[in-house]
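Source: prediction; values computed, not measured.
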Amino acid sequence: MTAFIATYPPLGQVTQLHDPSVRFRAVLEVPNEAAAASPWQLALWYLNGDKGGWTEAEFLPDTPDTQPICLHEAKEGKVRLYFTANQAVHGSLRFTVKFRQAAGDSEWQWVRNEQSSDDGVVVMEQKLTQEGDPEDLPDLIRFLNRDLKWQSHMSQSPGTRLWSVEAGVDKAKEDESTFVTVPLGIPWGEFLRWFVLVRQWTPWLAPRQGRSLSDFKLDKDALVCSFLSPRGKHMVFLGMSGINDVTTLLRGGDSGHLMLHIRSDNLESTKGTVLVAVGDNFESTIASVMYHARTLVMTANAATAQDGADTTSRSDIRPEWYESWYDGLGYCTWNSLGQNLTEGKVLKALDTLAENKINISSLIIDDNWQDIDYRGENQWQHGWNDFEAEPKTFPRGLRALVSDIRAKHKNIQHIAVWHALLGYWAGLAPDGPLAQRYRTVQLLREDDKGWLPIHGKMTVVAREDVQAFYSDFYRFLSASGIDGVKTDGQYLVDTFVSPSARRSLIPAYLDAWTLASLRHFQGRVISCMSLAPPVLFHSQLPRGGRPPFVLRNSDDYFPGEPDAQPWHIWANAHVALLTQHLNVLPDWDMFQTVHDYAAFHAVARCVSGGPVCITDVPGKHDVGLIDQMTGVTPRGKTVVLRPGVLGRTLDAYNGYRDPALLKVGAYHGRAAEGTSIMAVFNVSARPLTDIIPLTRFPGVVASGRYVVRAHGSGTVTSPLEVGGPTPLLTVSLEARGADVLCAYPLHTVNSRTTGDLLLANLGLVGKMTGCAAVLRTVYEVRENGRMLIDATLKALGVLGIYISTLPELSIQDDFMVTIQGQPIPPHTVAANKHDNHVLDVDIETAWKEMGLKSGWANEVEVKVYFTLEKK
């Protein structure tokens, strides 16, 4: 007989707690009622502190009123049993669980054997890290290389301490870069967990995780490394690039040593720099190194920038124009129409979208619209001929196509085209019109895609003509009706072999592209394949008053590769730990709505905080799924509902193969008053159950009261209090399963007759991130004793309002609801089918039936009046 078990604190993970009196909770899922009727025994098997051996403690069954709240019920026939064990933790505790049926002589089953779950670790948080702590860098890094120079800095992130570490590097020799690998030391001397972001390939970053010093081995160079100490402290390393023509990365050495790998293109001897921060939590610690890196880069850029260039670049930008670029639903031709792109295919795809009433507001005409020479064996050897579109497949030219699209599809506000930073994958066609028009240079590049080494010469525009080249090209696009670009292959500048080419061309291309894109497109750009360190530090980290641009956050979405689907979400969630600190809006890439993993990807895009772009094959659309991701504004535009705080993983140290749900946290609204968002994903190949404390939700406050709603099941919890015993939630997902959980703060109103009245605006309940449709909510007790909830939203749909006394009220007799000041049809107001404490207001149906117009404000105001005091 099999049984499934989940615990809190979780097995296989490190949990940091404040209170040494720990309540271990377990849920046992057994096959049927008969199995549940038979007594079960659970035991906590633990090693407490540094002394003594492994010890056993008994779990006791929970009573119904002390059990975690189920957001997802067990599958039909399955029964869940809940247990608790109390144990004082002395510094740290390592544990596992065993279980058996009590009847007969059943043998104990170990969870680590049944489910491949490693031991869990509980660490008591020590005193907060602060400036002036006696420990200094040589105390924190064992075997710290004495040849390195280190210096302490004031950290801009609370609860952290910060240093820079420098290693000398010789000047570049003639036309060859200088490379040096320098040992740094062992973080903490030992560590419980480690997390790194490696250069998966030259353009992209990807996560790696491990469990100890002994398995700290990196297959690729890393940009960021983080280590969790046995005391629960975090140490984050960031290799610096973009200053003094030096790139500093991190490597794993023998016996857990961390190494610096430095490349210098400088004509003088210089230094490679890595930033080091120590803190009490991962988010604050990585913020410390990122904030200081921004300061260093902006200081260096200010010293070398041309006077007036940055002011000119942002003089004509209006924020509302920029927001419309990524707030609408996008459509891209890449996976949908394939690489044999033609004018007819583009027009047919847009007609099909319109026939299915899918109102996109932005279109990306991806790769293969350009006039290419097609020389060589693959795209990496193809060069660009001229600005105008390929004459065989776009015979009327780009301007005629764009004109037709705008005339027929009024909903499409923005049309962008794809191009590579250097023109095409091999730059310019050596004998083409562009190569004749602009001064060019031939450069050697070296790159290794893993399965396809990419090397050889390529023709690119010379430094002297880069600004003219971009100005002319974007002027041509603007004259053709194009108002945005997806600029791909930006990493190509990091493949140049020559240090002189790297010194002159990397900043020249990046600055010319930024300047031209702001002047011609007001920042409506997607920066793609650009997570190469020289590009990241030069273009994406600085702010300087420049608006953020959209940045591709991960390698491509590959719809034909099943194994790539969960990894795509995993990689994006972890890379976002870094990109959330850049001056960008991370783009988790396009996806298809008809696919085995469609809902999985949809949830990820909604909580990412970035744009949502589909790449459906014409005629293959899941309109219902699209409706869950988007809303229609009062003016009829389809918009995505983006959280205000970007989504990123909440568990940096968990491994991809660990039997645990991936948790992606986001937030929307003002601090302490907004909605906390947690998306959960099962990236494994089997069902998983997790016990999640309310305190894991980002932004919940210590004294707050909340209700939590699961989008997938529609379940709404009873009111939960953060203070006291931590409320726990049971979450279960099948393989490929995903859901969005939202924690809504409760507003309390005192009532003489009913006690505390608890209220919460749940936003649009039919949307995955419907809370992001809420612009503001006002709760007011009227002089006549009635309650008013005044909610303003950016889109139409079904508004959900949690009212603790709703079951005691009559919707017909005690409520009045208005939209834009007018009473709405009674049948559009009802109790929610999943929970009778939630009032559903179908504002979309009411809006249509009442024939309302948006007026000058593109928002809708809903007022709910109801009886507060019962007679």
Side-chain angles (χ1 to χ4, degrees), residues 68-69 71 283 606-607 609 641-647 650 663-680 692-711 714-729 731 739-751 754-765 767-781 787-794 798-806 832 834-835 837-841 862-864 866 868:
I69 298 173
L71 290 179
E283 288 275 9
C606 286
V607 300
L641 306 174
R642 299 185 306 103
V645 175
L646 299 173
L650 299 177
K663 304 171 187 71
V664 176
Y667 191 86
H668 187 74
R670 298 174 61 182
E673 298 177 4
T675 302
S676 177
I677 303 169
M678 181 190 295
V680 285
I692 302 175
L694 178 61
T695 51
R696 289 302 314 279
F697 283 74
V700 298
V701 296
S703 58
R705 303 172 78 182
Y706 296 84
V707 290
V708 177
R709 181 179 184 272
H711 172 77
T715 300
V716 180
T717 68
S718 56
L720 306 173
E721 294 190 33
V722 177
T726 302
L728 299 175
L729 308 168
V731 177
D739 202 355
V740 182
L741 317 178
C742 291
Y744 303 90
L746 289 165
H747 179 83
T748 304
V749 177
N750 295 319
S751 169
T754 61
D756 285 350
L757 169 65
L758 303 177
L759 305 168
N761 186 345
L762 308 184
L764 299 181
V765 292
K767 315 297 182 182
M768 292 180 177
T769 47
C771 60
V774 178
L775 299 175
R776 52 192 169 272
T777 306
V778 177
Y779 302 97
E780 179 183 343
V781 179
M787 185 72 209
L788 166 63
I789 303 172
D790 188 349
T792 306
L793 300 103
K794 65 187 293 185
V798 177
L799 172 65
I801 303 289
Y802 179 88
I803 304 172
S804 61
T805 59
L806 183 60
N832 184 273
H834 296 289
D835 193 302
H837 295 86
V838 177
L839 184 75
D840 283 351
V841 182
V862 181
K863 292 185 177 182
V864 179
F866 65 95
L868 177 60

Where [X] and [Y] come nearest, the two heavy atoms and their spacing:
X      : Y      : result
Pro693 : Thr726 : CB-CG2, 3.5 Å
Ala743 : Leu694 : CB-CD1, 4.2 Å
Thr695 : Val700 : CA-CG2, 4.0 Å
Leu741 : Ala710 : CD2-CB, 3.7 Å
Pro643 : Ala772 : N-CB, 4.1 Å
Ala672 : Tyr667 : N-OH, 3.2 Å

Between [atom1] on residue [X] and [atom2] on residue [Y], distance to nearest 0.5 Å:
X      : Y      : atom1 : atom2 : result
Leu806 : Ser804 : CG    : OG    : 9.0 Å
Phe866 : Leu759 : CZ    : CG    : 5.0 Å
Cys606 : Arg642 : SG    : CZ    : 11.5 Å
Cys771 : His711 : SG    : NE2   : 11.5 Å
Tyr779 : Asp790 : OH    : CG    : 11.0 Å
Cys742 : Met678 : SG    : CE    : 10.5 Å

(request) Check the pair Val781 / Met787 against side chain to side chain contact (heavy atoms under 4.5 Å, CB included), numbers first and verdict last. (result) CA-CA 5 Å; Val781 179; Met787 185 72 209; 3.9 Å; yes
Is there a side-chain contact between [X] and [Y] in this structure, where contact means two heavy atoms from C-beta onward sitting under 4.5 Å apart?
X      : Y      : answer
Asp756 : Asn750 : yes
Ile801 : Val862 : no
Pro727 : Ile69  : no
Thr715 : Asp835 : no

(request) Check each of Val716, Asp739, Leu729, Ile692 against Leu71 using the side-chain contact (heavy atoms from CB on, under 4.5 Å) test, and report the only one that passes. (result)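 Considering Val716, Asp739, Leu729, Ile692, a side-chain contact (heavy atoms from CB on, under 4.5 Å) with Leu71 is found only for Leu729.
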(message) If the test is side-chain contact (heavy atoms from CB on, under 4.5 Å), which one of Leu758, Leu746, Val722 qualifies with Tyr706?
(response)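 It is Val722; the other options fail the test.
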(message) Test side chain to side chain contact (heavy atoms under 4.5 Å, CB included) on Ile789 and Asn761; report intermediate values, then the result.
(response) CA-CA 9 Å; Ile789 303 172; Asn761 186 345; 5.7 Å; no
(request) Mind running side chain to side chain contact (heavy atoms under 4.5 Å, CB included) on Val774 and Thr675 for me, showing each step along the way? (result) CA-CA 10 Å; Val774 178; Thr675 302; over 6 Å; no
Please confirm whether the backbone N or O of [Y] pairs with a side-chain atom of [X], one donor and one acceptor, at under 3.5 Å?
X      : Y      : value
Thr717 : Val708 : yes
Arg696 : Lys663 : no
Thr769 : Val607 : no
Tyr744 : Leu762 : yes
Thr777 : Ala791 : no

(request) Start with the C-alpha gap between Leu641 and Met768, add the side-chain angles, then the distance that decides, and say whether side chain to side chain contact (heavy atoms under 4.5 Å, CB included) holds. (result) CA-CA 8 Å; Leu641 306 174; Met768 292 180 177; over 6 Å; no
(request) Give the intermediate values and the outcome of side-chain hydrogen bond (donor to acceptor under 3.5 Å, both in side chains) for residues Asn832 and His834. (result) CA-CA 5 Å; Asn832 184 273; His834 296 289; 5.1 Å; no
